[in-house]
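Okay, here's the structure, questions in a sec.
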Amino acid sequence: MVRDVSFGQYFPTKSVLHRLDPRGKILMFIAYIVIIFCTFNYVSLGITAAFTLAFLVLSKISPKFYFKSLKVILIIVILTSLLNLFYGSGEPLWQWWIFRITLNGIHRAVFVTVRIICLILASSCLTFTTSPTELTDAIERLMKPLKVVHFPVHEVAMMMSLALRFVPTLLEETDKIMQAQKARGADMESGNLIKRVKALVPILIPLFVSAFRRAYDVATAMECRCYRGGAGRTRMKQIHLSARDFIAFALTALMIGGVIVCNILLTATI
Amino acid sequence: MSFISIQDVCFSYDEDSAAPKAVDGVSLDINAGEFVTIIGHNGCGKSTLAKHLNAMLLPDSGMVVVDGDDTADENKTFDIRAKVGLVLQNPDNQLVAGIVEEDVAFGPENLGVAPDEIRRRVDKALKAVDMYEYREHAPYKLSGGQKQRVAIAGILAIQPQCIVLDEPTAMLDPSGREEVISTLLKLNRENAITVVLITHYMDEAVLADRVVVMDGGKVLTQGTPEEVFSQVELLKKHRLDVPQSAELAYRLRGCGLKIQDIPLTQDDCVALLEEALR
Amino acid sequence: MSCVLELKNLGFVYGKDTPFEKKAVDNVSLQIEAGEFIGVIGHTGSGKSTLMQMLNGLMRPTAGQVLLDGRDIWENPKKIREVRFRVGMVFQYPEYQLFEETVAKDIAFGPQNQGKQGEELNKAVQSAAAFTGLKPELLGKSPFDLSGGEKRRAAIAGVIAMNPEVLVLDEPTAGLDPMGREVLLSQIVRYHKERHNTILLVSHTMEDIARVADRIMVMNKGKLEMFAPTKEVFSRGAELERFGLKVPQITKIMQQLRQKGFSVPEGVLTVDEAFEALLPLLKKEGRLW
């Protein structure tokens with residue numbers, strides 16, 4: 001069922017990670033994305049994977065939910081790893097028709113799989129341990145300098161936060177609409193691609209209609225609660241950098257340093 | 001001096017002046033501390049009227065005065081919305097944040113209240129609706145009644161003197177309805193908050209100090225629940241519900257049974273029949 | 001009469017074999033005769049929605065069987081769609097399912113999936129619209145331009161148009177005003193009288209159930225606690241209250257009078273019945289003039 005998706009949820013388990021400054025978390029996450037694509041040998045890949053695992057353990061969230069978010073992208077992982085497996089360069093180890101597997105291909109498949117998995121786990125870890133409001137709050141603050149060039153920082157942050165809030169609601173709604181159309185004999189499981197795409201119409205149209213109606217309602221509700229844009233707004237939850245954050249920064253720096261050193265000292269595998 | 005004074009308000013969603021008006025010459029006073037219910041069919045203008053009470057809509061003619069301020073005065077819009085909170089029908093669409101307490105904080109944050117004070121207000125509001133233990137939950141995991149109580153807390157955190165609720169129980173199951181109504185009664189009695197409740201349910205309407213019946217954009221009748229529901233004929237003519245006890249008593253009275261006050265509750269009705277049959 | 005729907009030890013467990021295992025429906029067995037009007041009541045989370053969704057194969061039971069005309073609906077899972085045409089399901093707030101350009105096309109969605117065409121399709125749409133009281137001039141309009149009550153009718157017509165033998169309605173009157181509730185309910189009753197099919201009506205409004213149902217299913221914590229004629233169910237008010245349910249106000253009033261020793265009948269369900277019962281008693285006392 002659609003509503004089984006755990007990606008983008010927040011779990012208030014009150015771990016060390018929950019108490020980190022969300023701004024710091026976002027910056028570390030960006031650094032992490034960059035560095036994970038700069039792992040060119042198994043040692044550096046191992047370092048980042050170990051680093052990721054450490055964070056998952058620290059989050060005190062059941063591995064079940066991490067598995068759930070992985071399940072969603074399983075197909076993408078398999079496809080990309082297969083693609084990489086068959087399109088490596090060098091001497092073929094095995095060949096059949098247009099498919100040829102090389103040692104380079106195997107390495108590339110392993111790298112791409114581990115990288116995607118790490119990426120998904122890390123982003124799940126970020127959203128699991130940071131409430132949507134904290135997240136958008138942090139983005140708003142990080143982007144504040146952009147206000148100088150008249151970028152609507154507050155509005156963008158508010159839109160993101162509302163979008164995150166309504167993801168589960170809309171998923172639930174999709175599920176309901178699907179059941180209702182199935183009860184009217186809608187066939188979503190059989191037929192060719194065109195037929196299947198057509199079968200989505202009875203689901204997508206009601207979904208859009210309801211999303212617009214909701215948007216209208218939400219706007220009214222926000223105005224009723226004295227919303228008038230970002231000017232003069234305060235926040236209940238203040239965010240401060242503390243010693244904890246600097247330790248996290250230091251650890252991230254250590255990981256980045258480790259990866260860079262490995263890349264310099266060891267030869268690249270891919 | 002009444003807290004809200006509605007003076008001959010007309011409003012139409014249509015530019016065309018010949019089209020029927022949504023609200024057509026309504027005058028009504030809401031006193032501080034009162035519990036008022038407004039009943040009537042869909043499209044009778046009660047929701048439109050509700051939106052006039054906190055300056056979400058402005059009258060085409062006539063005026064609405066809230067605590068001495070005209071809602072048409074643009075400088076006062078946010079003062080008025082801080083005094084009169086509006087709760088809508090669908091609880092899902094009123095919760096704007098992903099965490100209960102952050103949602104409740106939304107209102108005071110908009111008003112620029114200091115962080116410590118927001119924290120205090122949020123805790124107080126959540127306790128008032130009995131949702132404090134759920135403060136760190138995600139709204140979509142709550143039941144309908146719980147969501148609606150969080151929505152009420154979100155309004156309470158603005159510290160309004162009056163709460164207007166537009167069919168807050170229409171989408172709830174019986175236990176959710178009960179949760180919301182008992183919360184409202186408590187707020188009205190213990191915190192002296194003025195409540196204007198729009199509803200389809202007669203068992204909710206009878207709990208009020210005053211019932212206002214609307215039809216076709218106009219006020220059809222108003223008075224205490226006893227006064228209003230004893231006009232069974234008028235209500236039936238406009239195809240509005242009456243409590244079953246009132247209907248029974250009304251019909252028996254039609255056959256010649258002497259009844260002074262039409263009973264609105266089960267106990268009153270039993271007492272009345274017991275007396276008659278003895 | 002013949003049995004149209006039979007449930008045999010039906011069960012449904014969410015998250016089987018996980019720590020979050022939850023029995024939503026627990027060993028429900030019952031038989032429904034063709035042409036019956038069944039009321040279904042139960043607290044939110046009592047399992048009634050899950051039970052209803054198993055009747056037309058939207059959910060597959062984890063235990064037991066659903067027999068439609070004596071045959072297990074999951075006998076051939078590939079043919080489950082046919083079961084959905086025979087057991088029509090109107091969900092709560094069904095108006096969210098509307099999607100077509102016109103009301104007529106939307107109502108036609110179900111029968112079209114059934115394979116109906118041309119005149120036959122047209123007739124199904126027209127008669128379904130008539131049953132729900134949709135005015136013919138609305139059929140050419142966009143469903144999104146209708147009023148709330150009209151949308152609800154259009155959506156219900158979309159299920160009725162499939163001419164199901166069994167029609168399940170989940171809270172069809174939720175959110176409507178008293179007049180809308182009243183009108184829709186009497187249309188459902190009329191539809192039942194004319195088509196003679198089986199109806200299961202899920203509702204929180206006991207007054208409505210009391211007025212229309214022949215028999216009532218009472219669900220609590222996944223179990224079928226009662227399945228008996230309407231009068232009998234409502235005369236067991238104390239038990240119902242234990243399941244978080246309420247009997248209609250009028251039933252309670254008459255019950256209390258009975259307990260106080262007055263000779264009023266048991267299981268009074270409507271104001272009419274109460275009135276008829278009280279009138280002779282009051283006459284005897286000489287209270288009427």
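Excluded from the calculations below are hydrogen atoms, water molecules and symmetry mates; all remaining heavy atoms, backbone and side chain alike, are included. We name chains A, B, ... by the order of the sequence lines, and we start the count at 1 in each one.
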Check whether any side-chain heavy atom of A:K176 sits under 4.5 Å from a side-chain heavy atom of C:F91, and report yes or no.
-> no
Under 4.5 Å from a heavy atom of chain A, the part of C:M162 involved = side chain
Should we say atom CZ of C:R71 is surrounded by more than 12 heavy atoms from elsewhere, each under 6.0 Å from it?
-> no
For chain C, which residues from residues 194-204 of chain A have at least one heavy atom closer than 4.5 Å to it?
-> A:V201, A:P202
Most heavy-atom pairs under 4.5 Å with chain A, out of C:V90, C:V159, C:N56, C:D106, belong to C:D106
Heavy atoms of other groups near A:F99 CZ, more than 12 under 6.0 Å = yes
Per-residue contact mode, C:Y96 against chain A (heavy atom under 4.5 angstrom) = both
When you measure from the side chain of C:R84 to the backbone N and O of A:G185, does any donor-acceptor pair fall under 3.5 Å?
-> no
Neighbour count above 12 (heavy atom, 6.0 Å) for A:I75 CD1 = no
Might you confirm whether atom NZ of A:K237 has over 12 heavy atoms from other residues, nucleotides or ligands at distances under 6.0 Å?
-> yes
Side chains of C:Q97 and A:Q181, donor plus acceptor under 3.5 Å | no
Over 12 foreign heavy atoms within 6.0 Å of CD, A:E155 | yes
Name the region of C:L98, side chain, backbone, both or neither, that has any atom closer than 4.5 Å to a heavy atom of chain A.
-> backbone
Which atoms of C:F144 come close to chain A, meaning under 4.5 Å heavy atom to heavy atom: side chain ones, backbone ones, both, or neither?
-> side chain
Nearest heavy-atom neighbours spanning C:L58 and A:K182 | CD2-CB, 3.6 Å
Given a strict heavy-atom distance threshold of 4.5 Å, which part of C:Q53 is in contact with chain A: side chain, backbone, both, or neither?
-> side chain
Would you find a donor on one side and an acceptor on the other, under 3.5 Å apart, between the side chain of C:N113 and the backbone of A:R184?
-> yes
